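A note on names: the letters A, B, ... follow the listed sequences, proteins ahead of strands, and every chain is numbered from 1. From a predicted model like this one, the values you see are computed outputs, not experimental measurements.
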Protein chains: 2
Amino acid sequence: MDLADESGIDSVTMRELGRRLGVEAASLYNHVAGKDDLLNGMADLAAAEIELPSSDADWKAAMRRRAVSARGVFLQHRWAAGLMDSREWSGPYSLSYADRVLGALIQAGFSPGIASWAFIVLDSYIYGFERQRSNFSQTDDADTLEVARDVLAAIPQGTHPSLAAVAMEYADKPYDEAAAFEFGLDLILDGLERWLAADSPTRP
Amino acid sequence: MDLADESGIDSVTMRELGRRLGVEAASLYNHVAGKDDLLNGMADLAAAEIELPSSDADWKAAMRRRAVSARGVFLQHRWAAGLMDSREWSGPYSLSYADRVLGALIQAGFSPGIASWAFIVLDSYIYGFERQRSNFSQTDDADTLEVARDVLAAIPQGTHPSLAAVAMEYADKPYDEAAAFEFGLDLILDGLERWLAADSPTRP
DNA sequence: ACCTGAACACCGTTCAAGT
DNA sequence: ACCTGAACACCGTTCAAGT
């Protein structure tokens, strides 16, 4: 994970990892079934760093904290989102994570079926946002101005007026990533809350 | 794209693609700058298959059709979502796509800034859902029952009660993927509509 | 029980040489 | 203008051999 943090996930190679551990690549196979096993383990350990929802009565605040915490983990481990959502979440931490999230939703009044939908919808958004994010600000933060200028330059003159308008919007003021994330997060959470309020009276 | 559809994205290799085209791998470099260029082109051509929003007055229906259309493209090209959200969307079709979506949102009354947020939120969800989906039903449809049984088997006895409850829920009735997708999609679209209704009177 | 060295079957990419 | 053959520097993985 240190190696991936520092040099990117592509540099996580059996040979490079061995070099870092002072060992030959072949030796790693005494500790890991293969590279897939290694990456699964990394994904699970990243999942372990996401704050589990407390069993508060306030499910919405708990889900919100969890989502913001996940985004924080993705910021620290930029490889994590891509790894976690492209392989099976069968590690022990991932299982606990899923259980606690589902538990909080069920306790809030969602049926198991709807709770699983809510879980999928929230995580689709959380992971999806990170992967989109990593497209245009993969380097560091606050280089959105350059991106905006690049987009403007890439647009054939006169075409794509709406895209140009948006790029212009960001040409002078920076893009607030956290605000964008929470905008969508609250859309989903508010929608779930309204769904719960409308539905729970009919089936208690 | 045919090769990726049939044998998976991992089998898209310069050598394998050359073999399919009756040519050596090295010859491909006369037509493509490198493998990255090739994958970018594939992502852009997949984007071209997504139905563009018509310039109807009904932005919500247009966004909904677009999202469902994207999901259809992802079902046909299972490699598309992973490719499209992990590289820059600088191809001509991707640019047109972004312009049309932003245009529909701006015309609906969203400011350029909020329109870009709405675009990011919707696409985060659409791509994110597909990538989660491809985790447990990567083979075909309707094998959710096996997955549920596997999850149940993987859980240490007694622990993870909520996860077990959800798995039990799906052990006898199949998981309706389209319904789950549209559940979350409508949460977001309804939220955007409400946001628009609350906001637009104040700044017309 | 763990490590090494060498090998195998693969990659993406380059480049002189052909036509 | 396009293709080929050979090479280069890399991969993940296996396995006999060591300690």
Side-chain angles (χ1 to χ4, degrees), chain A residues 1-47 77-92 94 131 134-136 138-139, chain B residues 1-47 77-92 94 131 134-136 138-139:
Chain A
M1 292 170 74
D2 286 345
L3 175 59
D5 287 348
E6 290 166 21
S7 317
I9 191 67
D10 284 343
S11 77
V12 176
T13 279
M14 300 307 270
R15 284 171 169 84
E16 183 62 36
L17 181 57
R19 201 170 303 139
R20 195 177 176 103
L21 300 172
V23 110
E24 294 300 316
S27 307
L28 300 175
Y29 289 81
N30 286 303
H31 305 91
V32 145
K35 193 175 183 185
D36 240 48
D37 189 29
L38 175 73
L39 295 178
N40 281 334
M42 289 173 66
D44 199 48
L45 284 177
H77 307 302
R78 281 207 276 262
W79 44 270
L83 230 57
M84 291 172 69
D85 72 352
S86 72
R87 52 193 62 240
E88 298 151 23
W89 45 288
S90 53
S94 304
R131 305 206 82 238
S134 60
N135 290 357
F136 45 11
Q138 61 264 60
T139 54
Chain B
M1 292 172 74
D2 286 344
L3 175 59
D5 286 348
E6 290 166 22
S7 317
I9 191 68
D10 285 343
S11 76
V12 177
T13 280
M14 300 306 270
R15 284 171 168 84
E16 182 63 35
L17 180 59
R19 202 169 302 138
R20 193 173 177 107
L21 298 174
V23 112
E24 294 300 314
S27 308
L28 300 175
Y29 289 81
N30 286 303
H31 304 91
V32 146
K35 191 174 184 185
D36 240 47
D37 189 29
L38 176 72
L39 295 178
N40 281 334
M42 288 173 66
D44 199 48
L45 284 176
H77 307 302
R78 281 208 276 261
W79 44 270
L83 229 58
M84 291 172 68
D85 71 352
S86 71
R87 53 192 62 241
E88 298 151 22
W89 45 288
S90 53
S94 304
R131 305 205 81 239
S134 61
N135 291 357
F136 44 10
Q138 60 264 62
T139 53

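Distances from the side chain of Tyr29(B) to the nucleotides dG5(D), dC3(D), dG12(C) place dG12(C) closest. Candidate nucleotides dG5(D), dT14(D), dA7(D) were compared by shortest atom distance to the side chain of Ala26(B), and dG5(D) ranks first. Of the candidates dT14(D), dG12(C), dT4(D), the closest approach to any side-chain atom of Met14(B) belongs to dG12(C). Distance from the side chain of Arg15(A) is smallest to dT13(D) among dC11(C), dT4(D), dT13(D).
To the nearest angstrom, C1' of dG12(D) lies 12 Å from CG of Leu39(A). Rounded to whole angstrom, the span from the CD atom of Glu16(B) across to the P atom of dC10(C) amounts to 11 Å. Rounded to an integer number of Å, the gap from Asp37(B) CG to dT14(C) P is 12 Å. For the pair Asp10(A) CG and dC11(C) P, the interatomic distance rounds to 17 Å; values are reported in whole Å. When the C1' atom of dG5(C) is taken as reference, atom CG of Leu28(A) falls 15 Å away, rounded to whole Å. A straight line from CG of Leu38(B) to P of dG12(C) spans 10 Å, rounded to a whole angstrom. Between the P atom of dC15(C) and the CD atom of Glu24(B) lies a distance of 18 Å, rounded to the nearest Å. Atom-to-atom, CZ of Arg19(A) to C1' of dT4(C) comes out at 15 Å; the value is rounded to the nearest Å.
Under the Watson-Crick or G-U wobble criterion, with both distances below 3.5 Å, dC2(D) is paired with dG18(C).
Side-chain contact check for Asp10(B) and Trp79(B): no donor-acceptor pair (N or O, by modelled atom type) lies under 3.5 Å.
Within the 4.0 angstrom heavy-atom criterion, base atoms lie near Ser27(A).
Using a distance-only test at 3.5 Å, with no hydrogens or angles considered, no donor-acceptor pair links the side chain of Asp37(A) to the main chain of Val32(A). A distance-only check finds a donor-acceptor pair linking the side chain of Ser11(A) to the backbone of Gly8(A) [under 3.5 Å].
DNA chain C is contacted by both Val12(B) and Ala25(A); Ala25(A) maps to the nucleotide lying nearer its 5′ end (nearest heavy atom per residue).
A close approach under 4.0 Å does occur between a side-chain nitrogen or oxygen of His31(B) and OP1 or OP2 of dC3(D).
Scanning both residues, Asp44(B) and Pro92(B), for their nearest heavy atoms gives OD2-CD, 3.0 Å.
Atom CG of residue Asp2(B) and atom CZ of residue Arg20(B) lie 5.5 Å apart, to the nearest 0.5 angstrom.
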